[in-house]
Amino acid sequence: MIELKNVAVRTRKTINPVSLTGINVRIEDRERFALLAPSNGTLNLAVAVVCKSNAPDAGRVIQTSSLSWPIPSSAFLHKHQTFVANARFVARLYGVDQTSYIDRVVDMARITDLAEERISHCPKKAVSRFAFALGACLPFDFYLLTNTSIGEKEERETYAEMIAELGRRSGLIVATSNPKSAKSLCDRALVLDPAGSVTYDDMDAAVEHLERISKRVDESSDDMLAEEEERVFEDFF
Amino acid sequence: MGDLQLAYAQVLKKWKAQGNTLKALTIHQLQGQMSTYRYGFAWVLLEPLIFIAAFRMMRKFFGAMAQPSGMTPLMFYVLGVFPIFMFFDGLRTYAVAASRSKLLDFPTVSPLDLMIAKNVASFSVYFILFWVLAVTVSNFESAWPPENVLKIMFALLACWILGQGVGLAVSGAYLFFPPLKQFIGYTNFVVRMISGMFFCITMIPVTVWPYLTWNPLLHLTEIARDAWFESYVSPIANPGFVLECVLGTTLLGLLVERSIRRVPKI
(Lines give C-alpha, C1' and ligand atoms only; values in the text may rest on other atoms or scores of the structure.)
Protein backbone atom coordinates (compact mmCIF):
# COMPACT_ATOMS: atom_id res chain seq x y z
CA MET A 1 0.00 0.00 0.00
CA ILE A 2 1.14 3.53 -0.76
CA GLU A 3 -0.59 6.43 0.94
CA LEU A 4 -0.22 10.21 0.61
CA LYS A 5 -1.60 12.02 3.66
CA ASN A 6 -2.26 15.77 3.45
CA VAL A 7 0.69 16.18 1.12
CA ALA A 8 1.57 19.67 -0.08
CA VAL A 9 4.21 20.41 -2.70
CA ARG A 10 5.16 23.25 -5.00
CA THR A 11 7.31 23.47 -8.09
CA ARG A 12 10.57 25.39 -7.85
CA LYS A 13 12.76 27.10 -10.43
CA THR A 14 9.81 27.22 -12.90
CA ILE A 15 8.41 30.30 -14.65
CA ASN A 16 4.85 29.51 -13.50
CA PRO A 17 5.10 28.07 -9.98
CA VAL A 18 2.42 25.48 -9.21
CA SER A 19 1.30 24.61 -5.70
CA LEU A 20 -0.54 21.42 -4.84
CA THR A 21 -2.05 21.11 -1.41
CA GLY A 22 -4.16 18.62 0.47
CA ILE A 23 -3.31 15.54 -1.60
CA ASN A 24 -4.88 12.52 0.07
CA VAL A 25 -4.81 9.19 -1.71
CA ARG A 26 -4.40 5.54 -0.79
CA ILE A 27 -3.23 3.08 -3.46
CA GLU A 28 -3.89 -0.54 -2.52
CA ASP A 29 -1.72 -3.48 -3.60
CA ARG A 30 -2.22 -4.72 -7.20
CA GLU A 31 -4.14 -1.59 -8.07
CA ARG A 32 -3.65 0.10 -11.45
CA PHE A 33 -3.58 3.75 -10.65
CA ALA A 34 -2.92 6.87 -12.75
CA LEU A 35 -1.39 10.15 -11.62
CA LEU A 36 -2.67 12.70 -14.10
CA ALA A 37 -1.40 16.25 -14.50
CA PRO A 38 -0.66 18.67 -17.32
CA SER A 39 2.96 18.79 -18.46
CA ASN A 40 4.02 21.84 -16.42
CA GLY A 41 6.39 20.27 -13.92
CA THR A 42 3.64 19.13 -11.55
CA LEU A 43 3.91 15.53 -12.63
CA ASN A 44 7.67 15.29 -12.06
CA LEU A 45 7.15 16.79 -8.65
CA ALA A 46 4.44 14.28 -7.73
CA VAL A 47 6.60 11.40 -8.98
CA ALA A 48 9.54 12.64 -6.90
CA VAL A 49 7.33 12.76 -3.83
CA VAL A 50 5.83 9.30 -4.41
CA CYS A 51 9.25 7.67 -4.80
CA LYS A 52 10.56 9.76 -1.87
CA SER A 53 13.39 11.44 -3.77
CA ASN A 54 11.89 14.78 -2.74
CA ALA A 55 10.26 15.36 0.61
CA PRO A 56 6.86 17.09 0.48
CA ASP A 57 6.56 20.59 1.96
CA ALA A 58 3.93 19.19 4.31
CA GLY A 59 2.20 15.87 4.94
CA ARG A 60 3.44 12.28 4.85
CA VAL A 61 4.07 9.52 2.34
CA ILE A 62 3.50 6.06 3.81
CA GLN A 63 4.81 3.09 1.84
CA THR A 64 4.41 -0.51 2.96
CA SER A 65 4.93 -2.16 -0.44
CA SER A 66 7.96 -2.18 -2.70
CA LEU A 67 7.98 0.45 -5.41
CA SER A 68 10.14 0.69 -8.52
CA TRP A 69 12.00 3.84 -9.57
CA PRO A 70 10.35 5.92 -12.33
CA ILE A 71 10.54 3.61 -15.36
CA PRO A 72 11.97 4.09 -18.02
CA SER A 73 14.24 6.72 -16.47
CA SER A 74 17.81 6.49 -17.73
CA ALA A 75 19.15 9.48 -15.77
CA PHE A 76 21.12 7.30 -13.33
CA LEU A 77 22.96 5.33 -16.02
CA HIS A 78 26.68 5.81 -16.50
CA LYS A 79 26.78 6.73 -20.18
CA HIS A 80 30.50 5.92 -20.45
CA GLN A 81 29.81 2.32 -19.45
CA THR A 82 28.24 -0.63 -21.23
CA PHE A 83 24.66 -1.86 -20.92
CA VAL A 84 25.92 -4.90 -19.00
CA ALA A 85 27.87 -2.80 -16.47
CA ASN A 86 24.82 -0.62 -15.84
CA ALA A 87 22.56 -3.65 -15.44
CA ARG A 88 25.09 -5.07 -12.98
CA PHE A 89 24.73 -1.91 -10.87
CA VAL A 90 20.95 -2.38 -10.60
CA ALA A 91 21.41 -6.10 -9.83
CA ARG A 92 23.81 -5.19 -7.01
CA LEU A 93 21.46 -2.53 -5.69
CA TYR A 94 18.56 -4.96 -5.39
CA GLY A 95 20.70 -7.95 -4.42
CA VAL A 96 19.56 -10.22 -7.27
CA ASP A 97 21.60 -12.81 -9.15
CA GLN A 98 23.62 -10.80 -11.68
CA THR A 99 24.00 -13.36 -14.47
CA SER A 100 20.36 -14.32 -14.81
CA TYR A 101 19.16 -10.72 -14.35
CA ILE A 102 21.51 -9.36 -17.01
CA ASP A 103 20.47 -12.13 -19.43
CA ARG A 104 16.79 -11.32 -18.92
CA VAL A 105 17.35 -7.56 -19.31
CA VAL A 106 19.40 -7.99 -22.49
CA ASP A 107 16.75 -10.35 -23.90
CA MET A 108 13.81 -8.10 -23.05
CA ALA A 109 15.55 -4.96 -24.34
CA ARG A 110 16.69 -6.79 -27.53
CA ILE A 111 20.22 -5.44 -27.28
CA THR A 112 22.20 -8.70 -27.54
CA ASP A 113 24.52 -7.21 -30.17
CA LEU A 114 24.92 -3.92 -28.25
CA ALA A 115 25.28 -5.38 -24.75
CA GLU A 116 29.02 -4.65 -24.47
CA GLU A 117 28.81 -1.28 -26.20
CA ARG A 118 29.14 2.05 -24.35
CA ILE A 119 25.68 3.56 -23.82
CA SER A 120 26.78 6.92 -25.24
CA HIS A 121 27.51 5.15 -28.56
CA CYS A 122 24.08 3.47 -28.78
CA PRO A 123 20.78 4.63 -30.31
CA LYS A 124 18.34 6.34 -27.95
CA LYS A 125 15.60 3.80 -28.63
CA ALA A 126 17.87 0.98 -27.46
CA VAL A 127 18.60 2.93 -24.25
CA SER A 128 14.87 3.45 -23.70
CA ARG A 129 14.18 -0.30 -24.14
CA PHE A 130 17.06 -1.09 -21.78
CA ALA A 131 15.85 1.37 -19.13
CA PHE A 132 12.40 -0.22 -19.27
CA ALA A 133 13.78 -3.75 -19.07
CA LEU A 134 15.93 -2.87 -16.04
CA GLY A 135 12.80 -2.19 -14.01
CA ALA A 136 10.47 -4.74 -15.59
CA CYS A 137 12.85 -7.64 -14.85
CA LEU A 138 12.75 -6.99 -11.11
CA PRO A 139 9.86 -8.04 -8.85
CA PHE A 140 8.08 -5.02 -7.34
CA ASP A 141 4.68 -4.64 -5.71
CA PHE A 142 4.24 -1.43 -7.72
CA TYR A 143 5.79 -0.36 -11.01
CA LEU A 144 5.96 3.40 -11.39
CA LEU A 145 5.78 4.25 -15.10
CA THR A 146 6.46 7.72 -16.45
CA ASN A 147 6.37 6.78 -20.13
CA THR A 148 4.51 3.93 -21.77
CA SER A 149 5.80 4.42 -25.34
CA ILE A 150 8.87 2.19 -25.32
CA GLY A 151 11.11 1.52 -28.35
CA GLU A 152 10.42 2.02 -32.07
CA LYS A 153 6.91 2.47 -33.44
CA GLU A 154 6.66 -1.16 -34.59
CA GLU A 155 7.75 -2.42 -31.15
CA ARG A 156 5.27 -0.32 -29.15
CA GLU A 157 2.56 -2.97 -29.18
CA THR A 158 4.88 -5.67 -27.81
CA TYR A 159 6.06 -3.40 -25.00
CA ALA A 160 2.49 -2.25 -24.28
CA GLU A 161 1.61 -5.94 -23.82
CA MET A 162 4.57 -6.33 -21.42
CA ILE A 163 3.30 -3.34 -19.40
CA ALA A 164 -0.18 -4.84 -19.30
CA GLU A 165 1.37 -8.10 -18.07
CA LEU A 166 3.17 -6.18 -15.28
CA GLY A 167 -0.22 -4.71 -14.37
CA ARG A 168 -1.76 -8.18 -14.10
CA ARG A 169 1.12 -9.44 -11.94
CA SER A 170 1.57 -6.39 -9.64
CA GLY A 171 0.29 -2.88 -9.11
CA LEU A 172 0.89 -0.07 -11.61
CA ILE A 173 1.23 3.65 -11.02
CA VAL A 174 1.20 5.49 -14.34
CA ALA A 175 2.28 9.12 -14.06
CA THR A 176 1.33 10.81 -17.28
CA SER A 177 -0.17 13.83 -18.97
CA ASN A 178 -1.34 11.61 -21.84
CA PRO A 179 -4.93 10.53 -21.10
CA LYS A 180 -4.92 7.77 -23.74
CA SER A 181 -2.27 5.59 -22.09
CA ALA A 182 -3.73 6.14 -18.63
CA LYS A 183 -7.21 5.14 -19.80
CA SER A 184 -6.02 1.91 -21.37
CA LEU A 185 -3.93 0.82 -18.34
CA CYS A 186 -5.60 2.13 -15.19
CA ASP A 187 -8.86 1.78 -13.26
CA ARG A 188 -8.49 4.72 -10.87
CA ALA A 189 -6.80 8.10 -11.11
CA LEU A 190 -5.71 11.11 -9.13
CA VAL A 191 -5.89 14.35 -11.06
CA LEU A 192 -3.34 16.83 -9.72
CA ASP A 193 -5.08 20.17 -9.91
CA PRO A 194 -3.79 23.32 -8.16
CA ALA A 195 -7.43 24.16 -7.45
CA GLY A 196 -7.82 20.86 -5.58
CA SER A 197 -6.66 17.34 -6.47
CA VAL A 198 -9.45 14.81 -7.02
CA THR A 199 -9.42 11.00 -7.01
CA TYR A 200 -11.67 9.33 -9.62
CA ASP A 201 -12.96 5.77 -9.93
CA ASP A 202 -14.22 6.64 -13.40
CA MET A 203 -11.34 7.13 -15.84
CA ASP A 204 -13.51 9.10 -18.33
CA ALA A 205 -14.29 11.69 -15.67
CA ALA A 206 -10.59 11.86 -14.71
CA VAL A 207 -9.56 12.41 -18.33
CA GLU A 208 -12.18 15.12 -18.72
CA HIS A 209 -10.82 16.88 -15.62
CA LEU A 210 -7.26 16.62 -16.95
CA GLU A 211 -8.31 18.15 -20.28
CA ARG A 212 -9.95 21.04 -18.44
CA ILE A 213 -6.76 21.79 -16.46
CA SER A 214 -4.56 21.43 -19.55
CA LYS A 215 -6.71 23.98 -21.37
CA ARG A 216 -6.48 26.32 -18.38
CA VAL A 217 -2.69 25.92 -18.21
CA ASP A 218 -2.35 26.59 -21.97
CA GLU A 219 -4.51 29.71 -21.72
CA SER A 220 -2.61 31.07 -18.74
CA SER A 221 0.76 30.45 -20.44
CA ASP A 222 -0.55 32.19 -23.61
CA ASP A 223 -1.69 35.14 -21.50
CA MET A 224 1.65 35.28 -19.70
CA LEU A 225 3.52 35.09 -23.00
CA ALA A 226 1.42 37.91 -24.46
CA GLU A 227 2.02 40.02 -21.33
CA GLU A 228 5.75 39.33 -21.49
CA GLU A 229 5.90 40.26 -25.20
CA GLU A 230 4.00 43.48 -24.50
CA ARG A 231 6.36 44.34 -21.66
CA VAL A 232 9.47 43.69 -23.76
CA PHE A 233 7.98 45.76 -26.61
CA GLU A 234 7.26 48.67 -24.24
CA ASP A 235 10.70 48.45 -22.66
CA PHE A 236 12.35 48.45 -26.06
CA PHE A 237 10.56 51.49 -27.49
CA MET B 1 9.25 -20.13 13.77
CA GLY B 2 8.85 -18.00 16.88
CA ASP B 3 8.07 -14.27 16.84
CA LEU B 4 11.57 -13.41 17.98
CA GLN B 5 13.15 -15.48 15.24
CA LEU B 6 10.86 -13.89 12.65
CA ALA B 7 11.76 -10.41 13.85
CA TYR B 8 15.44 -11.34 13.80
CA ALA B 9 15.13 -12.64 10.22
CA GLN B 10 13.41 -9.44 9.12
CA VAL B 11 16.07 -7.22 10.69
CA LEU B 12 18.77 -9.35 9.07
CA LYS B 13 17.03 -9.01 5.69
CA LYS B 14 16.87 -5.23 6.05
CA TRP B 15 20.54 -5.03 7.00
CA LYS B 16 21.44 -7.18 4.01
CA ALA B 17 19.42 -4.91 1.72
CA GLN B 18 21.15 -1.87 3.21
CA GLY B 19 24.52 -3.52 2.66
CA ASN B 20 23.64 -4.23 -0.98
CA THR B 21 22.60 -0.60 -1.47
CA LEU B 22 25.84 0.77 -0.01
CA LYS B 23 27.98 -1.68 -1.94
CA ALA B 24 26.25 -0.94 -5.25
CA LEU B 25 26.40 2.82 -4.73
CA THR B 26 30.07 2.74 -3.72
CA ILE B 27 31.02 0.82 -6.87
CA HIS B 28 28.81 3.15 -8.94
CA GLN B 29 30.65 6.15 -7.43
CA LEU B 30 34.05 4.60 -8.11
CA GLN B 31 33.10 3.91 -11.72
CA GLY B 32 31.84 7.46 -12.19
CA GLN B 33 34.79 9.33 -10.63
CA MET B 34 36.17 11.91 -13.06
CA SER B 35 34.27 10.19 -15.89
CA THR B 36 33.80 13.53 -17.64
CA TYR B 37 37.56 13.97 -18.03
CA ARG B 38 39.46 12.51 -20.94
CA TYR B 39 41.67 10.25 -18.80
CA GLY B 40 38.96 9.61 -16.22
CA PHE B 41 40.09 7.71 -13.14
CA ALA B 42 43.79 8.46 -13.79
CA TRP B 43 43.18 12.00 -12.51
CA VAL B 44 42.04 10.69 -9.13
CA LEU B 45 45.40 8.99 -8.71
CA LEU B 46 47.47 11.76 -10.26
CA GLU B 47 46.10 14.64 -8.18
CA PRO B 48 47.88 13.85 -4.86
CA LEU B 49 51.02 12.74 -6.69
CA ILE B 50 51.22 16.11 -8.44
CA PHE B 51 50.89 17.85 -5.06
CA ILE B 52 53.71 15.83 -3.52
CA ALA B 53 55.98 16.36 -6.53
CA ALA B 54 55.23 20.10 -6.52
CA PHE B 55 56.03 20.43 -2.81
CA ARG B 56 59.20 18.44 -3.21
CA MET B 57 60.34 20.77 -5.98
CA MET B 58 59.28 23.85 -4.03
CA ARG B 59 61.57 22.77 -1.23
CA LYS B 60 64.35 24.56 -3.07
CA PHE B 61 62.49 27.82 -2.45
CA PHE B 62 61.74 26.91 1.17
CA GLY B 63 65.34 26.08 1.95
CA ALA B 64 65.01 27.30 5.52
CA MET B 65 61.86 25.25 6.01
CA ALA B 66 63.43 21.88 5.30
CA GLN B 67 62.04 18.97 7.32
CA PRO B 68 63.60 18.32 10.75
CA SER B 69 66.51 15.91 10.86
CA GLY B 70 65.48 12.27 10.98
CA MET B 71 62.62 12.77 8.54
CA THR B 72 63.14 11.88 4.90
CA PRO B 73 62.02 14.61 2.44
CA LEU B 74 59.50 12.72 0.28
CA MET B 75 57.89 10.79 3.15
CA PHE B 76 57.56 14.10 5.01
CA TYR B 77 55.30 15.39 2.22
CA VAL B 78 53.45 12.08 1.73
CA LEU B 79 52.45 12.19 5.41
CA GLY B 80 51.40 15.83 5.11
CA VAL B 81 49.48 15.64 1.85
CA PHE B 82 47.40 12.46 2.25
CA PRO B 83 45.68 13.16 5.60
CA ILE B 84 44.70 16.61 4.36
CA PHE B 85 43.51 15.17 1.04
CA MET B 86 41.31 12.76 2.95
CA PHE B 87 39.88 15.61 5.00
CA PHE B 88 39.03 17.62 1.88
CA ASP B 89 37.51 14.59 0.24
CA GLY B 90 35.21 14.14 3.22
CA LEU B 91 34.48 17.86 3.23
CA ARG B 92 33.05 17.64 -0.31
CA THR B 93 30.09 15.86 1.31
CA TYR B 94 28.47 19.28 1.65
CA ALA B 95 27.64 19.31 -2.07
CA VAL B 96 26.26 15.74 -2.01
CA ALA B 97 24.01 16.51 0.96
CA ALA B 98 22.64 19.66 -0.62
CA SER B 99 22.08 18.51 -4.19
CA ARG B 100 19.40 16.30 -5.71
CA SER B 101 21.05 13.25 -7.23
CA LYS B 102 19.25 11.21 -9.88
CA LEU B 103 20.07 8.13 -7.82
CA LEU B 104 17.54 9.33 -5.24
CA ASP B 105 14.83 8.23 -7.69
CA PHE B 106 15.50 4.72 -6.36
CA PRO B 107 13.17 4.44 -3.37
CA THR B 108 15.77 2.28 -1.61
CA VAL B 109 18.41 5.02 -1.77
CA SER B 110 18.54 7.82 0.81
CA PRO B 111 20.74 10.96 0.78
CA LEU B 112 22.75 9.53 3.66
CA ASP B 113 23.44 6.36 1.62
CA LEU B 114 24.79 8.51 -1.20
CA MET B 115 27.04 10.43 1.16
CA ILE B 116 28.41 7.29 2.79
CA ALA B 117 28.97 5.63 -0.60
CA LYS B 118 30.76 8.68 -2.02
CA ASN B 119 33.01 8.93 1.00
CA VAL B 120 33.79 5.22 1.19
CA ALA B 121 34.65 5.23 -2.52
CA SER B 122 37.10 8.10 -2.28
CA PHE B 123 38.54 6.93 1.04
CA SER B 124 39.30 3.49 -0.37
CA VAL B 125 41.09 5.03 -3.37
CA TYR B 126 43.23 7.40 -1.30
CA PHE B 127 43.86 4.81 1.41
CA ILE B 128 45.22 2.29 -1.09
CA LEU B 129 47.16 4.98 -2.95
CA PHE B 130 48.65 6.17 0.34
CA TRP B 131 49.98 2.75 1.25
CA VAL B 132 51.27 2.00 -2.26
CA LEU B 133 53.12 5.31 -2.31
CA ALA B 134 54.24 5.20 1.34
CA VAL B 135 55.72 1.70 1.00
CA THR B 136 57.50 2.62 -2.25
CA VAL B 137 58.80 5.99 -1.10
CA SER B 138 59.84 4.87 2.38
CA ASN B 139 61.75 1.91 0.95
CA PHE B 140 63.41 4.21 -1.56
CA GLU B 141 64.39 6.61 1.25
CA SER B 142 65.17 3.84 3.76
CA ALA B 143 62.42 5.01 6.14
CA TRP B 144 60.57 1.66 6.21
CA PRO B 145 58.94 0.34 8.41
CA PRO B 146 56.74 2.88 10.22
CA GLU B 147 57.05 3.08 13.99
CA ASN B 148 53.34 2.64 14.70
CA VAL B 149 50.94 1.55 11.94
CA LEU B 150 47.84 1.84 14.13
CA LYS B 151 48.50 5.49 14.85
CA ILE B 152 48.85 6.18 11.13
CA MET B 153 45.53 4.40 10.47
CA PHE B 154 43.96 6.48 13.22
CA ALA B 155 45.23 9.72 11.65
CA LEU B 156 43.89 8.79 8.19
CA LEU B 157 40.49 7.63 9.48
CA ALA B 158 40.08 10.62 11.77
CA CYS B 159 40.87 13.03 8.91
CA TRP B 160 38.24 11.33 6.77
CA ILE B 161 35.52 11.35 9.43
CA LEU B 162 36.34 14.91 10.49
CA GLY B 163 35.99 16.02 6.85
CA GLN B 164 32.58 14.35 6.57
CA GLY B 165 31.36 15.92 9.80
CA VAL B 166 32.45 19.40 8.74
CA GLY B 167 31.00 18.78 5.25
CA LEU B 168 27.61 17.80 6.64
CA ALA B 169 27.62 20.76 9.00
CA VAL B 170 28.39 23.15 6.13
CA SER B 171 25.77 21.58 3.82
CA GLY B 172 22.90 23.41 5.56
CA ALA B 173 24.48 26.82 4.98
CA TYR B 174 25.36 25.85 1.39
CA LEU B 175 21.74 24.87 0.69
CA PHE B 176 20.50 28.32 1.64
CA PHE B 177 23.48 30.22 0.22
CA PRO B 178 25.02 28.37 -2.77
CA PRO B 179 27.77 31.02 -3.43
CA LEU B 180 29.30 29.67 -0.21
CA LYS B 181 31.09 27.23 -2.54
CA GLN B 182 33.51 30.02 -3.52
CA PHE B 183 34.29 30.82 0.11
CA ILE B 184 34.89 27.15 0.87
CA GLY B 185 37.50 27.21 -1.91
CA TYR B 186 39.35 30.12 -0.26
CA THR B 187 39.06 28.50 3.17
CA ASN B 188 40.54 25.29 1.78
CA PHE B 189 43.65 27.21 0.78
CA VAL B 190 44.05 28.65 4.28
CA VAL B 191 43.41 25.26 5.91
CA ARG B 192 46.08 23.69 3.67
CA MET B 193 48.56 26.36 4.74
CA ILE B 194 47.99 26.00 8.50
CA SER B 195 47.51 22.23 8.79
CA GLY B 196 51.06 21.01 8.45
CA MET B 197 50.96 20.00 4.82
CA PHE B 198 54.49 21.28 4.30
CA PHE B 199 55.69 21.99 7.82
CA CYS B 200 55.71 20.37 11.23
CA ILE B 201 55.20 22.22 14.47
CA THR B 202 58.87 22.24 15.49
CA MET B 203 59.61 24.43 12.45
CA ILE B 204 57.25 27.15 13.77
CA PRO B 205 58.03 29.65 16.59
CA VAL B 206 56.72 28.45 19.95
CA THR B 207 54.77 31.70 20.47
CA VAL B 208 52.40 30.74 17.64
CA TRP B 209 51.71 27.20 18.90
CA PRO B 210 48.76 28.05 21.17
CA TYR B 211 46.90 29.47 18.15
CA LEU B 212 47.81 26.76 15.64
CA THR B 213 46.99 23.90 17.99
CA TRP B 214 43.29 24.74 17.88
CA ASN B 215 43.34 23.12 14.44
CA PRO B 216 42.65 19.34 14.76
CA LEU B 217 44.09 18.73 11.28
CA LEU B 218 47.48 19.94 12.44
CA HIS B 219 47.29 17.42 15.30
CA LEU B 220 46.52 14.69 12.76
CA THR B 221 49.45 15.45 10.46
CA GLU B 222 51.63 15.59 13.55
CA ILE B 223 50.30 12.21 14.73
CA ALA B 224 51.01 10.72 11.28
CA ARG B 225 54.63 11.97 11.23
CA ASP B 226 55.19 11.02 14.86
CA ALA B 227 53.89 7.52 14.10
CA TRP B 228 56.05 7.01 11.03
CA PHE B 229 59.43 8.42 12.09
CA GLU B 230 61.07 6.96 15.16
CA SER B 231 63.23 10.06 15.60
CA TYR B 232 60.32 12.52 15.69
CA VAL B 233 58.18 13.02 18.79
CA SER B 234 55.51 15.65 18.27
CA PRO B 235 55.25 18.07 21.18
CA ILE B 236 51.62 18.93 20.45
CA ALA B 237 49.90 15.81 18.97
CA ASN B 238 46.82 15.10 21.09
CA PRO B 239 44.57 12.20 20.00
CA GLY B 240 42.04 13.03 22.74
CA PHE B 241 41.46 16.53 21.35
CA VAL B 242 41.11 15.07 17.84
CA LEU B 243 38.52 12.54 19.04
CA GLU B 244 36.51 15.31 20.70
CA CYS B 245 36.56 17.34 17.47
CA VAL B 246 35.58 14.29 15.36
CA LEU B 247 32.68 13.45 17.67
CA GLY B 248 31.51 17.05 17.91
CA THR B 249 31.57 17.78 14.17
CA THR B 250 29.95 14.43 13.31
CA LEU B 251 27.08 15.03 15.72
CA LEU B 252 26.63 18.58 14.46
CA GLY B 253 26.76 17.35 10.85
CA LEU B 254 24.14 14.64 11.41
CA LEU B 255 21.93 17.18 13.16
CA VAL B 256 22.15 19.53 10.18
CA GLU B 257 21.48 16.65 7.74
CA ARG B 258 18.37 15.69 9.71
CA SER B 259 17.07 19.24 9.78
CA ILE B 260 17.50 19.95 6.04
CA ARG B 261 15.77 16.79 4.82
CA ARG B 262 12.56 18.67 4.02
CA VAL B 263 14.35 21.59 2.37
CA PRO B 264 14.29 21.26 -1.45
CA LYS B 265 17.72 20.44 -2.80
CA ILE B 266 19.68 22.57 -5.26
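By convention in this document, chain letters (A, B, ...) are assigned in the order of the sequence lines, proteins followed by strands, and residues within each chain are numbered from 1.
Residues A/Arg92 and B/Asn20 share a closest heavy-atom pair of O-CB, 3.4 Å. The heavy-atom pair separating A/Ser68 from B/Pro107 by the smallest distance is O-CG, 3.6 Å.
A heavy-atom distance below 4.5 Å is found between the side chains of A/Leu93 and B/Thr21. Contact check for B/Asp105 versus A/Phe76: no side-chain heavy atoms found under the 4.5 Å cut-off. The shortest distance between side-chain heavy atoms of B/Leu103 and A/Phe89 falls below 4.5 Å.
Annotation: B/Arg258, atom CZ; neighbour count of heavy atoms from other residues, nucleotides and ligands within 6.0 Å does not exceed 12. Within 6.0 Å of NZ on A/Lys79 lie more than 12 heavy atoms contributed by other residues, nucleotides or ligands. The number of heavy-atom neighbours closer than 6.0 Å to CZ of A/Arg118, taken from other residues, nucleotides and ligands shown, is above 12. Atom CG of B/Leu4 is surrounded by 12 or fewer heavy atoms from other residues, nucleotides or ligands within 6.0 Å.
In this structure, the separation between CZ on B/Phe106 and SG on A/Cys51 is 10.0 Å, given to the nearest 0.5 Å. Rounding to the nearest 0.5 Å places NZ of B/Lys102 at 12.0 Å from CG of A/Leu77.
In this structure, the side chain of B/His28 does not engage the main chain of A/His78 through any donor-acceptor pair within 3.5 Å.
In this structure, chain A has a heavy atom under 4.5 Å from the backbone of B/Arg261, while its side chain stays farther away.
Contact tally against chain B (heavy-atom pairs below 4.5 Å) for A/Lys52, A/Gln81, A/Gln63: the top residue is A/Gln81. Contact count against chain B (heavy-atom pairs under 4.5 Å) is highest for A/Pro56 among A/Pro56, A/Ala85, A/Ser66, A/Ala48.
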